[in-house]
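Have a look at the structure below, then the notes.
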Amino acid sequence: MLDIKLIRDNPDAVRKRLADRGRGDEAAVDKIAALDQRRRKLVSDSDALKALRNIVSKEIGALKSKGQDTSDKVAAMKKVGDDIAALDRDITATDEELRGILLTIPNLPHPSVPEGKDAADNPEIRQWGHKPEFTFKPKPHWEIGEALDILDFPRATKISGSGFILYKGAGARLERGLINFLLDLHTRGHGYMEIFPPFLINRASMIGTGQLPKFEEDMYRLRDDELYLAPTAEVPVSNIHRDEILRHEQLPLYYCAYTPCFRREAGAAGKETRGMIRVHQFDKVEMVKFSHPDSSYDELEKMVANAEKVLQLLGLHYRVILLCTGDMGFASAKTYDIEVWAPGQDAYLEVSSCSNCEDFQSRRANIRFKDKDGKNRFVHLLNGSGTALARLFVALLETYQQADGSVLLPEILAPYLGGVRTIRGK
RNA sequence: GGAGAGGUGGCUGAGCGGUUGAAAGCGCCGGUCUCGAAAACCGGUUUGGCCGAAAGGUCAACGUGAGUUCAAAUCUCACCCUCUCCGCCA
């Protein structure tokens with residue numbers, strides 16, 4: 001949520017930066033400013049009447065204790081009370097309308113974010129490693145996985161529907177091993193505290209990180225209980241400190257968590273339907289930071305490095321790109337994506353997205369810290385995948401496939417796979 | 001799920017419907033004292049909105065939301081949460 005004061009004081013700057021995102025959100029700025037002005041007028045009128053009522057009510061109390069007549073004052077205050085009630089109804093309605101709009105306005109891009117329309121305008125920041133070479137034509141992961149009997153798409157569809165994954169045998173073991181590998185790396189190696197959060201999330205938390213109210217149709221929802229399946233661990237973990245005031249010495253806080261991620265992928269029908277590149281449920285280890293505003297951009301760079309480390313240790317070729325204004329997510333002020341090379345797809349796959357949301361989420365979720373001067377300020381919230389598992393699984397199978405159909409995994413994973421590096425067919 | 005109890009400031013814990021934004025204690029911050037520290041003593045110590053350059057003024061908030069009243073932390077209703085006991089259960 002944007003700071004209403006920023007819109008009030010610099011409407012033109014806000015309008016410009018929203019326009020850079022290319023979604024037409026700048027059109028709401030005038031409406032917001034008008035509602036804000038109306039609200040302030042109503043509040044000050046209501047406050048004046050309340051001040052009057054408070055004074056006279058005290059007089060009534062004093063007079064009554066002396067046994068004097070108060071009927072004229074009581075009658076006058078009854079009228080004032082009615083006026084206040086009318087004003088307050090108006091305030092509530094204005095407030096709700098204003099907040100309703102503010103909650104659907106995306107964050108402003110950071111000045112360092114390049115202007116652009118869509119993914120084609122995202123600059124590449126760097127590459128690591130290089131595309132592996134094969135003496136044969138590399139197969140896609142679904143062929144490798146089904147031949148080795150470690151992935152079973154038809155049965156996943158039977159159990160749940162399209163867009164779900166059934167891991168079997170060494171595949172299931174690999175998925176579990178990767179989760180442990182990632183958590184160990186970020187906790188022991190990068191200083192994050194491990195979190196295992198609930199997977200069902202209430203509405204207030206979903207609003208806090210920005211999934212609601214705007215993206216309701218993308219979420220799985222339990223209608224009977226008004227709970228949502230976590231689309232990413234970012235949601236439960238960021239909400240750990242909702243409605244809290246942290247001490248500045250506590251910052252930055254580093255958390256990481258494994259969760260499954262549930263996404264309806266509404267509107268994505270027909271896209272990347274083959275295999276496990278776009279699915280309704282996938283595993284992910286997420287990093288979340290609560291940062292002091294002064295250092296949040298340094299923290300973002302470090303977080304990207306933490307995610308890159310995963311791919312470096314696994315020997316997977318990747319590139320880092322900076323999302324342009326038109327391609328960024330709703331809550332983000334600046335986002336780096338990391339894309340791993342998948343030889344069987346002949347394409348890069350997004351396996352991590354690291355964002356600095358600045359105070360956009362902390363204002364919604366009311367997460368503050370007391371600074372050195374004792375002033376309460378909003379923390380900066382960052383989140384990044386470290387990394388998404390399904391696509392990492394894809395990259396591993398496709399990169400390390402052998403001519404004989406087996407998969408020879410990186411040495412570093414052996415401890416997580418019972419000492420075994422090779423996945424072979426029967 | 002059933003029965004009961006309860007939700008007040010960082011914590012503990014008071015609070016006849018009318019100077020109670022809220023006693024007291026603890027904690028914390030500052031000061032006096034001390035070579036220094038402890039103790040003791042003095043002072044301070046919730047958050048947000050609006051007006052204001054500031055000083056300051058004003059409004060709101062005692063789980064949440066409605067209601068009664070001139071006036072609600074205090075009365076009524078609904079909901080949420082916590083605790084105890086019972087039931088069920090991995």
Side-chain angles (χ1 to χ4, degrees), chain A residues 1-9 32-103 196-208 212-213 222-228 236 239-251 253 260 290 359 361-379:
Chain A
M1 188 160 66
L2 299 182
D3 186 353
I4 184 67
K5 286 176 189 148
L6 185 66
I7 298 174
R8 191 184 295 158
D9 298 339
I32 291 169
L35 284 168
D36 174 52
Q37 199 168 11
R38 174 177 167 73
R39 193 187 128 273
R40 282 188 292 158
K41 171 78 169 84
L42 290 168
V43 165
S44 95
D45 289 353
S46 174
D47 280 0
L49 288 181
K50 284 173 182 168
L52 172 66
R53 181 177 67 181
N54 286 344
I55 290 165
V56 177
S57 287
K58 267 178 195 167
E59 290 172 8
I60 291 170
L63 289 173
K64 275 204 165 169
S65 69
K66 286 186 263 173
Q68 295 180 13
D69 178 62
T70 57
S71 51
D72 55 333
K73 285 184 192 293
V74 167
M77 284 311 102
K78 189 165 180 60
K79 168 77 171 72
V80 168
D82 291 344
D83 292 347
I84 290 171
L87 282 168
D88 283 355
R89 270 194 298 276
D90 213 347
I91 290 168
T92 303
T94 306
D95 236 358
E96 276 172 9
E97 189 180 358
L98 180 58
R99 184 171 165 80
I101 296 172
L102 277 175
L103 284 175
F196 200 102
F199 302 159
L200 292 175
I201 314 291
N202 64 29
R203 198 174 163 80
S205 295
M206 295 288 278
I207 289 172
L212 295 183
L222 281 73
R223 288 176 193 284
D224 290 343
D225 299 285
E226 191 71 309
L227 290 168
Y228 297 80
N239 276 283
I240 286 174
H241 296 297
R242 179 154 50 83
D243 292 321
E244 291 183 19
I245 301 175
L246 303 165
R247 287 171 289 111
H248 67 84
E249 314 91 66
Q250 288 178 273
L251 303 177
L253 285 168
F290 295 73
D359 60 5
Q361 294 176 318
S362 54
R363 182 172 286 108
R364 290 172 161 246
N366 193 30
I367 306 170
R368 294 171 294 173
F369 72 101
K370 205 171 273 296
D371 72 11
K372 285 192 177 68
D373 302 323
K375 249 182 60 182
N376 292 331
R377 302 172 60 187
F378 290 109
V379 301

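Only this structure's heavy atoms are used, side chains among them; waters, hydrogens and symmetry mates stay out.
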With rounding to whole Å, what would you report as the distance between B:G30 and B:A39 at their P atoms? 14 Å
Using a strict threshold of under 4.0 Å (side-chain N to carboxylate O), is an ion pair present between A:Asp359 and A:Arg377? no
Under 4.0 Å, heavy atoms only, any strand: does A:Lys5 hit a base, just the sugar-phosphate, or nothing? sugar-phosphate
Atom C1', compared across B:A22 and B:G18: separation rounded to whole Å: 15 Å
Taking 4.0 angstrom as the limit, do A:Asp82 and A:Lys79 come out as a salt bridge? no
Could you give the distance separating B:G15 and B:G7 at their P atoms, to the nearest angstrom? 11 Å
Between B:A72 and B:G17, how far is it from one P atom to the other, in whole Å? 14 Å
Taking the nucleotide of RNA chain B with the nearest heavy atom to each, does A:Ile4 or A:Ala48 sit closer to the 5' end? A:Ile4
With heavy atoms of chain A within less than 4.0 Å as the criterion, where does contact along RNA chain B begin and end? B:G18 to B:A71
A:Asp47 and A:Ser44: side chain donor to acceptor below 3.5 Å: no
Please classify the nucleic acid contact of A:Arg368 as base, sugar-phosphate, or nothing, using heavy-atom distances under 4.0 Å. sugar-phosphate
Tell which nucleotide pairs with B:C85, taking only Watson-Crick or G-U wobble pairs whose two distances are both under 3.5 angstrom. B:G2
Of A:Lys73 and A:Asp36, the one whose closest nucleotide on RNA chain B sits nearer the 5' end is A:Asp36
Partner of B:G48 under the Watson-Crick or G-U wobble criteria, both distances under 3.5 Å, comes out as B:C59
Using modelled atom types only, decide if a donor and an acceptor are shared between the side chain of A:Arg53 and the backbone of A:Met77 within a distance under 3.5 Å. no
Does this structure show an ion pair linking A:Lys50 with A:Asp88, if we count only N-O contacts that are shorter than 4.0 Å? yes
Pair assignment for B:G7, Watson-Crick or G-U wobble, requiring both distances under 3.5 Å: B:C80
Under 4.0 Å, heavy atoms only, any strand: does A:Arg8 hit a base, just the sugar-phosphate, or nothing? sugar-phosphate
Touch check for A:Lys375, heavy atoms < 4.0 angstrom, all strands: base, sugar-phosphate only, or nothing? nothing
Rounding to an integer number of angstrom, what distance separates B:U12 and B:A38 when you compare their C1' atoms? 25 Å
Distance check, C1' atoms only: B:C33 and B:C41, in whole angstrom units. 9 Å
Distance between C1' atoms of B:G21 and B:U46 (Å, rounded): 9 Å
Integer angstrom distance from the C1' of B:G56 to that of B:C62: 27 Å
For B:A72, which nucleotide in any strand shown is its Watson-Crick or wobble partner with both distances under 3.5 Å? none
Find the partner of B:A54: check Watson-Crick (N1-N3 plus N6-O4 or O6-N4) and G-U wobble (N1-O2, O6-N3) distances, both under 3.5 Å, and reply none if neither fits. none
Does any nucleotide pair with B:A14 by Watson-Crick or G-U wobble geometry, both distances under 3.5 Å, and what is it? none
Might you confirm whether atom CZ of A:Arg99 has over 12 heavy atoms from other residues, nucleotides or ligands at distances under 6.0 Å? no
Watson-Crick or G-U wobble mate for B:G36, both contacts under 3.5 Å: none
Count the heavy atoms belonging to other residues, nucleotides or ligands that lie under 6.0 Å from CD of A:Glu244, then report whether that count exceeds 12. yes
Touch class at under 4.0 angstrom, heavy-atom based, for A:Lys78 against every strand present: sugar-phosphate
Got A:Arg368 and A:Asn366 here, is their nearest side-chain heavy-atom distance under 4.5 Å? yes
State the pairing partner of B:C41; accept Watson-Crick or G-U wobble contacts with both distances under 3.5 Å, and report none otherwise. B:G31
